[in-house]
Amino acid sequence: MSSERNEGNGLADGRQYERLENYTAFWSKDISKEESADTELRLGSYTNVVNGFYDGATELYENGWGKSFHFCRFYKGEGFAAAVARHEHYLAARMQLRPGMRVLDVGCGVGGPAREIGRFSDVEIIGVNNNEFQVQRARKYTKEAGLEGQVKFTTGDFMKLEEQFGPNYFDAVYAIEATCHAPTWEGVYGEIFKVLKPGGIFGVYEWCMTDDWDPSIPAHADLQHEIELGNGIPEMRPIQLSRQALKTVGFEILHEEDLADRGDSVPWYYPLAGDIRQAQTFWDYITVARCSETGQFVARVFVRFLELLRIAPKGTHAVAEALLVASKSLVRGGQMKLFTPMYLVVSKKPDTT
């Protein structure tokens with residue numbers, strides 16, 4: 001881990017090490033001691049919260065999940081990689097992306113979806129991400145794929161998109177499980193609205209608590225807290241707030257659906273649950289095994305070992321522990337139908353004369 005981090009990948013400065021080391025300090029381990037001030041602190045420091053999480057989680061994600069950091073639906077007999085790609089294609093098709101369009105990927109991770117959608121739709125994509133480590137890795141993988149002329153990446157704050165790109169710059173914008181990290185949905189959706197051309201399309205797979213979630217129920221509140229801590233999210237919010245935020249900033253909703261509520265026989269969370277019975281290919285078995293209790297235990301011990309040897313930065317093990325909390329809480333949220341990682345909304349910025 002350390003060799004790449006010292007080759008100009010953006011993790012060599014002390015500020016980023018400090019973010020990683022102090023990530024878990026933004027949450028109280030005892031939810032009963034959580035106060036509104038804790039949430040306000042995370043919202044006000046969302047950049048450090050998100051960067052602290054991804055500075056430690058990125059390589060763990062890549063090694064355990066792949067280069068597309070998102071969930072997806074599964075059909076029986078469908079391999080993991082094929083399902084992930086289909087999920088990205090479905091969003092592009094719903095948005096009606098066409099060759100020649102200029103498209104923004106908000107919160108692009110290491111660029112897996114951008115490369116796939118770029119190939120599928122033959123569009124020009126710019127990915128924006130406030131985590132420099134991920135941006136450098138995205139550029140590296142994209143060059144290896146021979147797509148650097150079509151898919152590009154830049155460091156930036158998705159709460160300041162107009163400042164970075166100017167108004168009416170993109171034909172379309174999408175976000176895949178990224179805008180849940182924003183301090184407010186109105187803020188990030190508003191910035192997306194500004195950089196879209198009139199008539200432009202915004203498609204999003206949003207992380208939300210479902211309509212069945214009730215924060216007054218202690219078990220539901222505990223679940224929310226664990227999802228936030230385990231995934232670097234300042235505040236989890238319900239579906240209706242996402243819908244309302246889109247309308248508030250001016251979007252016209254063309255299509256909305258919680259894809260996790262399709263009633264699929266193979267649930268979206270099966271790899272995270274370590275359910276090897278559902279695996280379809282040899283590589284699926286490896287991916288699912290890594291998410292099993294045994295696989296997670298081995299990974300945690302290995303990360304602790306790397307941290308003790310100072311190969312991995314201090315704080316990486318804490319993020320690995322947070323990911324363990326995340327996996328259990330997300331599976332539980334899916335089973336109880338209190339959480340969805342795929343509330344799909346396709347919206348349009350109204351045409352102007």
| Do T287 and D284 have a side chain donor and acceptor closer than 3.5 Å? | no

| task | Working to the nearest 0.5 Å, report the span between CG of L104 and CD of E191. | result | 11.0 Å

| task | Verify ring-ring contact (aromatic ring centres under 6.0 Å, His included) between W207 and Y343, making sure each step is shown before the conclusion. | result | CA-CA 7 Å; W207 275 35; Y343 172 52; over 10 Å; no

| Is it true that K348 and D351 make a salt bridge, defined as a side-chain N closer than 4.0 Å to a carboxylate O? | yes

| message | Quick one about E116 and S68 (side-chain donor to acceptor, distance below 3.5 Å, no hydrogens or angles considered), yes or no? | response | no

| query | Between K152 and E124, is there a salt bridge with N-O shorter than 4.0 Å? | reply | no

| message | Testing the basics here: between V288 and I276, what is the closest heavy-atom pair and its distance to 0.1 Å? | response | CG1-N, 3.6 Å

| said: Walk me through whether Y269 and Q335 qualify under side chain to side chain contact (heavy atoms under 4.5 Å, CB included). | reply: CA-CA 9 Å; Y269 51 79; Q335 292 171 336; 3.4 Å; yes

| message | Minimum heavy-atom separation for P238 and W185, please, with both atom names. | response | O-CZ3, 3.5 Å

| said: Both conditions, 6.0 Å and 45 degrees, for the charged tip of K197 above the ring of Y169: are they met here? | reply: no

| Flag for T248-E186: side-chain donor and acceptor within less than 3.5 Å | no

| query | For the residue pair H89 and F120, does the interplanar ring angle fall in the parallel (under 30°), tilted (30 to 60°) or perpendicular (over 60°) class? | reply | parallel

| query | Looking at CD of Q164 and CD of E162, how far apart are the two atoms once the value is rounded to the nearest 0.5 Å? | reply | 12.0 Å

| said: Between Q244 and Q240, do the side chains contain a donor N or O and an acceptor N or O under 3.5 Å apart? | reply: no

| task | Report whether W283 and Y285 are members of the same hydrophobic cluster (ILVMFWY, side-chain heavy atoms less than 4.5 Å apart, transitive linking). | result | no

| field | N-O pairing of R102 and D171 below 4.0 Å | value | no

| Which heavy atom in I253 sits nearest to a heavy atom in S347, and how many Å separate them? | CG1-OG, 3.8 Å

| task | Ignoring hydrogens and angles, state whether a donor on the side chain of K194 or N168 is under 3.5 Å from an acceptor on the partner side chain. | result | no

| Between E256 and R243, is the closest basic N to carboxylate O distance under 4.0 Å? | yes

| field | Evaluation steps, side chain to side chain contact (heavy atoms under 4.5 Å, CB included), between L161 and V128 | value | CA-CA 9 Å; L161 294 176; V128 64; 4.1 Å; yes

| request: Establish, yes or no, whether the cationic atom of R139 lies under 6.0 Å from the six-membered ring centre of Y141 and within 45° of the ring axis. | output: no

| task | Name all pairs fulfilling the salt bridge (charged side-chain N to carboxylate O under 4.0 Å, His left out) condition that reach into residues 269-281, sequence neighbours left out, sorted by first residue then second. | result | D275-R277

| task | Start with the C-alpha distance between Y189 and F202, add both sets of side-chain angles, then the distance that settles ring-ring contact (aromatic ring centres under 6.0 Å, His included), and finish with yes or no. | result | CA-CA 9 Å; Y189 294 164; F202 171 45; 5.8 Å; yes

| message | Students often mix this up, so state it plainly: with edges at 30° and 60°, are the rings of H87 and Y205 parallel, tilted or perpendicular? | response | parallel

| field | By side chain to side chain contact (heavy atoms under 4.5 Å, CB included) - contacts of A83 (at least two apart) | value | C72, F74, E78, R86

